[in-house]
Amino acid sequence: MTRSWTNPLRDPRDKRLPRIAGPSSLVIFGVTGDLSRKKLMPAIYDLAHRGLLPPGFSLIGFARREWENQDFGEVVHDAVAEYARTPFRESVWNRLAEGIRFVQGTFDDDDAFDRLAETVHQLDAERGTGGNTAFYLSIPPWAFPIVTKQLSRSGLADSDEDTWRRVVIEKPFGHDLASAQELNSVVNHVFPEESVFRIDHYLGKETVQNIMALRFANQLFEPLWNAHYVDHVQITMAEDIGLGGRAAYYDGIGAARDVIQNHLLQLLALTAMEEPVSFEPGALRAEKVKVLGATKAVGPFDETTAAGQYAGGWQGGKKVPGLAQEAGFRKESTTETYAAVTLEVQNRRWAGVPFYLRTGKRLGRRVTEIAVVFKRAPHLPFDSTSTEELGENAMVIRVQPDEGVTMRFGSKVPGTTMEVRDVTMDFGYGHSFTESSPEAYERLILDVLLGEPSLFPVNEEVELSWKILDPVLEHWAERGSPEPYAPGSWGPPSADRMLERTGRHWRRP
C-alpha cells in the first residue's frame with residue numbers, strides 16, 4: 001500500500017513561499033526625475049535580486065531625452081549601483097538589462113505613444129510579458145489627464161480577459177476636493193477604479209503595516225484603544241532639511257497638502273479604524289473609509305491649527321537660508337512649511353479624543369511617529385511628591401528612522417522611598433529580526449504587478465481626506481502669511497499654544 005505524500009512547501013498556508021509576479025512589464029513616465037532614479041529603479045532591481053520578478057520582466061522608460069536603449073540602461077545601472085538596498089550582482093543585472101527599453105517623446109506626441117504601444121507588443125512577443133503592463137506616472141499632476149488620454153488613444157489602456165493594464169499615480173492627487181474629483185473622473189474615464197493604484201509610499205513601510213499587527217493580533221492593546229483610556233494621539237512627520245531645489249515645485253502646495261492630506265491622514269485611519277473582518281482589500285478599505293468619513297477638523301482654527309514658514313539661521317552648526325531666500329520661491333508667498341491641525345473622529349470609540357497631526361521642514365530632526373498618549377491614572381495611593389516626575393503612559397510607533405515601538409510607563413526608583421519615574425520598553429526591527437525591511441517601493445511595485453490593492457487609497461479615501469482638510473486650508477488662505485520659526489526648532493510658537501490651551505504639550509521625538 002502506497003502512502004500519499006504531500007509536499008509541505010505546496011501548502012497554501014505556508015508563508016515561507018514568496019509571492020512572485022506573473023509575466024508583466026512596467027512603463028515609467030518621468031524616468032529622468034529623482035523619484036525614478038533614487039527609488040523606483042533600485043526597487044525594481046531589489047525585487048529582481050530577491051527573485052520576485054518573472055524571468056521575462058521588462059522595464060520601459062519614456063522621456064524627452066534623445067536616448068537609445070543602452071543609454072537608458074546605463075542610467076538604470078548607475079541608479080541601481082548607487083541606491084539599491086541589496087548587493088549588486090552582475091548575473092541579476094544582466095537578466096534585468098535584457099528587458100530594458102526606452103521610448104523618446106513628449107506627452108502630447110501621438111507618434112511617441114504609438115511607438116510605445118509598438119514596444120509593448122514587441123516585448124510581449126520577444127519576452128513573453130503576456131501583454132500585462134503597468135504604467136507608472138512619476139510626473140506632475142497637470143500631466144495626468146494628457147498621459148491617460150494618450151494611453152487611451154493609442155490602445156495601451158485596453159485590457160481583456162487574458163491581459164491587464166494598470167496605472168500608478170503619485171501624489172499630490174489634486175490640490176483640493178474639487179480638483180481631486182475632476183482628476184478622479186479623468187483617470188476613471190480611461191482606467192476602471194480597480195486598475196488605478198494611487199501610491200502613498202508610507203503605506204508600504206513595514207512599521208505602518210505593523211500597526212495592524214500590533215492592534216489586531218494581540219489582546220494586550222486593543223481593549224485600551226478607545227476614549228475611555230486614551231487622552232490624545234499625536235502623529236508627527238518632521239524633516240530636518242529645507243526645500244532646496246524643490247522650492248519652485250513646493251510653492252503653492254505647502255506642508256498640509258504635501259503630507260497631511262495623504263500620509264498623515266492614512267496613518268490616522270490605520271490607528272483609529274475598527275477591526276476589519278479580514279485583510280482582503282475591500283474589507284480593509286471599508287474600515288478606513290468609515291474612519292475618514294467620521295473625521296472632522298476641530299475649530300476655531302485660529303486656536304486649533306498652526307501654520308509656519310522656516311526662517312534663516314543656524315542649524316546643526318551650519319548657516320541655512322530661510323524660505324524666502326530659497327531659489328525659485330516667491331518672496332511674498334504664503335505657502336506654509338509647517339502645518340499642525342486638530343482633528344476629531346466622531347464615533348463611539350474615539351468621541352472627545354483629539355488627534356493632533358503635524359509636519360514641517362527644518363525641524364529638530366527627521367522622524368515620523370504615532371504616539372498614543374493615555375490618560376493619567378488616579379494615583380490614589382501616592383502623594384504628589386512620589387509621582388511628580390511621572391508623565392503619561394504612551395505607546396509610540398516609530399515609522400522612521402529606527403523603526404520600532406516604544407512603551408512608556410511608570411516604575412519605582414530603587415531606594416527606601418516610594419518614588420515613581422518614567423521608564424521605557426523598546427522594540428526595534430533591527431534588533432528583533434535578522435532580515436532587513438524591504439523598501440516601501442519594493443512592496444508597492446510588487447503589489448501593483450500582483451494586482452493587490454490593499455495598500456493603495458481609493459477615490460473615496462482621497463476625496464474624504466480633502467473634505468477634512470479643505471476648511472483649514474480656506475481659513476489659512478484668508479489669514480495671510482504663516483508665522484516664522486527658527487531652523488532646528490519644533491515649529492512656530494502658535495503650535496505650542498494650540499496644545500497648551502488644553503493642558504497638553506507636544507512630544508519631543
Side-chain angles (χ1 to χ4, degrees), residues 34-35 38 171-172 175 201-202 234-265 267 297 301-343 356-369 371 398-401 469 472-501 505-509:
D34 265 7
L35 175 71
K38 294 180 179 176
K171 72 172 185 73
H175 56 86
H201 71 272
Y202 264 59
Q234 295 183 24
I235 304 179
T236 300
M237 178 188 159
E239 294 182 90
D240 55 4
I241 56 171
L243 288 173
R246 293 179 70 232
Y249 154 79
Y250 198 83
D251 192 6
I253 294 176
R257 287 185 175 95
D258 190 41
V259 175
I260 291 180
Q261 184 272 333
N262 38 70
H263 300 331
L264 299 195
L265 281 173
L267 294 183
F301 295 142
D302 280 334
E303 296 178 6
T304 58
T305 69
Q309 284 184 349
Y310 63 80
W314 291 88
Q315 182 179 13
K318 290 183 181 175
K319 193 160 178 58
V320 295
L323 186 68
Q325 288 85 53
E326 298 277 18
F329 212 86
R330 290 179 301 119
K331 304 292 176 275
E332 70 282 3
S333 174
T334 57
T335 302
E336 80 286 351
T337 58
Y338 176 95
V341 298
T342 307
L343 305 179
Y356 298 111
L357 276 54
R358 63 172 168 169
T359 181
K361 296 190 177 292
R362 287 244 179 268
L363 297 182
R365 62 182 287 242
R366 173 179 170 265
V367 63
T368 301
E369 68 171 35
R398 294 188 307 279
V399 177
Q400 67 177 17
L469 199 58
V472 177
L473 294 172
E474 286 161 15
H475 175 78
W476 287 351
E478 292 164 8
R479 199 169 60 175
S481 289
E483 190 179 2
Y485 61 93
S489 69
W490 284 96
S494 56
D496 292 325
R497 289 196 298 272
M498 76 181 249
L499 263 70
E500 284 166 5
R501 286 188 182 95
H505 61 275
W506 288 110
R507 270 179 50 80
R508 182 62 60 90

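Atom CZ of Arg501 sits about 4.5 Å away from atom CD of Glu303, to the nearest 0.5 Å. Rounded to the nearest 0.5 Å, atoms CD (Gln400) and OG1 (Thr368) are 4.0 Å apart. To the nearest 0.5 Å, the span separating OG on Ser481 from CD on Glu332 amounts to 9.5 Å. Note that the CD atom of Glu336 and the CG atom of Asp258 stand 9.5 Å from one another [nearest 0.5 Å]. To the nearest 0.5 Å, atoms CG (Leu357) and CG (Leu265) are separated by 6.0 Å. Atoms CZ and CZ, from Arg507 and Arg358 in turn, are 8.5 Å apart once rounded to the nearest 0.5 Å.
Nearest heavy-atom pair across Leu264 and Met237 is CD2-CB, 3.9 Å. Summarising the geometry of Pro484 relative to Pro493, their closest heavy-atom pair is O-CD, 4.4 Å, with the distance given to 0.1 Å. Taking every heavy atom of both residues into account, Gly491 and Tyr485 meet most closely at C-CB, 3.5 Å. Here the closest heavy-atom approach between residue Arg365 and residue Ala238 is recorded as O-CB, 3.4 Å. Looking at every heavy atom in both residues, Phe301 comes nearest to Ala297 through CE2-CB, 3.8 Å. Scanning all heavy atoms of the two residues, the minimum distance from Gln309 to Thr335 falls at NE2-O, 2.8 Å.
The side-chain contact (heavy atoms from CB on, under 4.5 Å) test with Leu469 singles out one residue from Ile260, Asn262, Leu343, and that residue is Ile260. Exactly one residue among Leu363, Val320, Ile241, Leu323 makes a side-chain contact (heavy atoms from CB on, under 4.5 Å) with Pro487. That residue is Val320.
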For this session: Before giving the answer on side-chain contact (heavy atoms from CB on, under 4.5 Å), spell out for Asp302 and His475 the whole-Å C-alpha distance, their side-chain angles and the decisive distance to 0.1 Å.
Result: CA-CA 9 Å; Asp302 280 334; His475 175 78; 2.9 Å; yes

For this session: Kindly indicate, with the supporting measurements, whether the criterion side-chain contact (heavy atoms from CB on, under 4.5 Å) is fulfilled by His263 and Thr359.
Result: CA-CA 10 Å; His263 300 331; Thr359 181; over 6 Å; no

Exercise. Between Thr342 and Met498, does a side-chain contact (heavy atoms from CB on, under 4.5 Å) hold up when you go through it step by step?
Worked result: CA-CA 9 Å; Thr342 307; Met498 76 181 249; 3.3 Å; yes

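At distances below 3.5 Å, not a single donor-acceptor pair connects side-chain atoms of Tyr310 with backbone N or O atoms of Gly360. With hydrogens and angles ignored, the 3.5 Å screen pairs a side-chain donor or acceptor of Gln234 with a backbone N or O of His505.
Remark: the Trp476 side chain and the Thr305 side chain contain an N/O donor-acceptor pair separated by less than 3.5 Å.
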